[in-house]
Amino acid sequence: MNRIGKIAPLGLALLLGGCVGSLLGGGKPDNLFRLETALDPPVQQASAPATRRGVIFLPIDFAAEARSDRILVSRGAETLYLKDARWVTPAPDMLAGLARTVFAAHASEILLTTPRQASGVDYALQLSVDRFEAVYAPAAGKKDPPVVRVEGEARLFRMSDRTVVATRRFETDAPAQDNRVSAIVSAFSVATDQYLVQLVEWTRVRTQSSSPS
C-alpha cells in the first residue's frame, strides 16, 4: 500500500490508497533513501589530462516545493509528499553531490570547483531545477505507477566578463516499475542519471568550443 501525505497539513484524505489514520502519530521513523547512479564506470585512461578546464559549480536553484528532504509527488494540480519516506539529505545537496561524482567519472578534463575556488577558473555552471517529482496520471488507479520527471535549465557563464556562454533546458522521464516507494526511488535515480549524462556532455562540449577571453 503506497501512502502519500498532503504538503499542506490540512488532514485531508490521501490521494492514492492508504487511509486517513495513517497520517496520525505512532512515532515510526521515516525510511531514508538516496540517489544512486547506475552509469557504467568510465574507461580507465593511461594518464590524467594534461590540462583541466575549471568550472565553478554554483549552488543549485531548486523549485521551492522540492527543495527539502521530502520526496515530491504530483497528480494533476495536486502536489504531495511520499508518506514515511525522505531523502537522506535535501534534494539540491544530494543532486549536487551526484553531479560531482558523474563529472569526475565521465568528464575528467573538467574540474568542478566551488565559488571559494574561483581564482583562475574560466567558467561557472548554474542549474535551475524546476521539476523533481514523481508524476501520476490524473486518472491513475491505486496500482498505477508514476513517471519520475526531472526538468531544469543549465547556464554556463564566462568568468572573465560574467556573460552567458550558453543555456539549455534538460527534461528527462523515467517510469517507475511499480507503485511502491522503492520502485519510485529507483525511477528517480534513472531519471537523474539521464539528466546528468546530458548535462555533463553539454558542459564538456560547450567549455571546449567556447574560448575564454
(request) Report the distance from atom CG of L72 to atom CD of E133, rounding to the nearest 0.5 Å. (result) 5.0 Å
(request) Specify the closest pair of heavy atoms between A183 and A176, including all atoms of both residues, with the distance to one decimal. (result) O-CB, 3.9 Å
(request) Flag the pair D61 / Q126 as yes when at least one side-chain heavy-atom distance between them is below 4.5 Å, and no otherwise. (result) yes
(message) So V185 and I71, do their side chains get closer than 4.5 Å, heavy atoms only?
(response) yes
(message) Rounded to the nearest 0.5 Å, what separates atom OG1 in T89 from atom CG in L35?
(response) 8.5 Å
(request) Identify, with sequence neighbours excluded, every residue that meets salt bridge (Lys or Arg N to Asp or Glu O under 4.0 Å) alongside R86. (result) D30, D69
(request) Indicate, with yes or no, if V200 and V165 share a hydrophobic cluster defined by side-chain heavy-atom contacts under 4.5 Å among Ile, Leu, Val, Met, Phe, Trp and Tyr. (result) yes
(message) If you define the side chain from C-beta out and look only at heavy atoms, does anything of V129 sit under 4.5 Å from L95?
(response) yes
(request) Grab the two heavy atoms, one from P90 and one from R67, that are nearest each other, plus how far apart they are. (result) CB-O, 3.7 Å
(message) Is the shortest side-chain heavy-atom distance between L196 and F170 below 4.5 Å?
(response) no
(message) Quick check: closest heavy atoms across V121 and G54, and the distance to 0.1 Å?
(response) CG1-O, 3.2 Å
(message) Using 30° and 60° as the class boundaries, would you call the ring planes of F103 and F57 parallel, tilted or perpendicular?
(response) tilted
(request) Could you walk me through whether L127 and L199 pass the side-chain contact (heavy atoms from CB on, under 4.5 Å) test, one step at a time? (result) CA-CA 9 Å; L127 294 184; L199 173 68; 3.6 Å; yes
(message) side-chain contact (heavy atoms from CB on, under 4.5 Å) for Q198 and T172? Distances and angles first, verdict last.
(response) CA-CA 9 Å; Q198 295 179 60; T172 59; 3.1 Å; yes
(message) Using side-chain heavy atoms (C-beta onward) and a distance below 4.5 Å, is T167 in contact with L156?
(response) no
(message) Is there a path of hydrophobic side-chain contacts, each under 4.5 Å between heavy atoms, that joins V197 and Y195?
(response) yes
(request) Hey, could you give me the CD/OG1 distance between E109 and T207, rounded to the nearest 0.5 Å? (result) 7.0 Å
(request) Quick one: do I110 and R204 satisfy side-chain contact (heavy atoms from CB on, under 4.5 Å)? Show the steps, please. (result) CA-CA 7 Å; I110 292 177; R204 188 186 66 78; 4.1 Å; yes
(request) Show the numbers, then the answer: is there a side-chain hydrogen bond (donor to acceptor under 3.5 Å, both in side chains) between S68 and R70? (result) CA-CA 5 Å; S68 71; R70 304 299 300 273; 5.9 Å; no
(message) A quick test of your reading: do over 12 heavy atoms of other residues, nucleotides or ligands sit less than 6.0 Å from CZ of R155?
(response) no
(request) Give a yes or no on whether the ring-centroid distance for Y123 and F157 is below 6.0 angstrom. (result) no
(message) Under a 3.5 Å distance rule, please check whether T101 uses its side chain to pair with a backbone N or O of G97 as donor and acceptor.
(response) yes
(request) Specify the closest pair of heavy atoms between M94 and R34, including all atoms of both residues, with the distance to one decimal. (result) SD-CA, 3.7 Å
(request) Using the six-membered ring wherever Trp is involved, compare the ring planes of F132 and W87 and label them parallel, tilted or perpendicular (cut-offs 30° and 60°). (result) tilted
(request) Give the minimum heavy-atom separation between D130 and E65, together with the two atoms involved. (result) O-OE2, 4.4 Å
(request) Please report the shortest heavy-atom distance between A38 and D193, naming the atom on each side. (result) N-OD2, 2.8 Å
(message) What's the separation between atom CD in E36 and atom OG in S186, rounded to the nearest 0.5 Å?
(response) 8.5 Å
(request) Any chance you could lay out the side-chain contact (heavy atoms from CB on, under 4.5 Å) test for L98 and R100, step after step, and finish with the verdict? (result) CA-CA 5 Å; L98 192 60; R100 291 181 181 280; over 6 Å; no
(message) Are V190 and V150 linked, directly or through intermediate hydrophobic residues, by side-chain heavy-atom contacts shorter than 4.5 Å (ILVMFWY only)?
(response) no
(request) Using a 4.5 Å cut-off on heavy atoms from C-beta on, say whether the side chain of T37 contacts that of S189. (result) no
(request) Would you indicate whether the side-chain heavy atoms of M159 and D122 approach each other to under 4.5 Å? (result) no
(request) Taking the side chain as every heavy atom from C-beta outward, state whether L111 and R53 have any pair of such atoms under 4.5 Å apart. (result) no
(request) Only counting residues at least two apart or in another chain, list the ones meeting salt bridge (Lys or Arg N to Asp or Glu O under 4.0 Å) with E171. (result) R169
(message) Quick test of your reading of the model: are E78 and R75 salt-bridged, counting only N-O distances below 4.0 Å?
(response) no
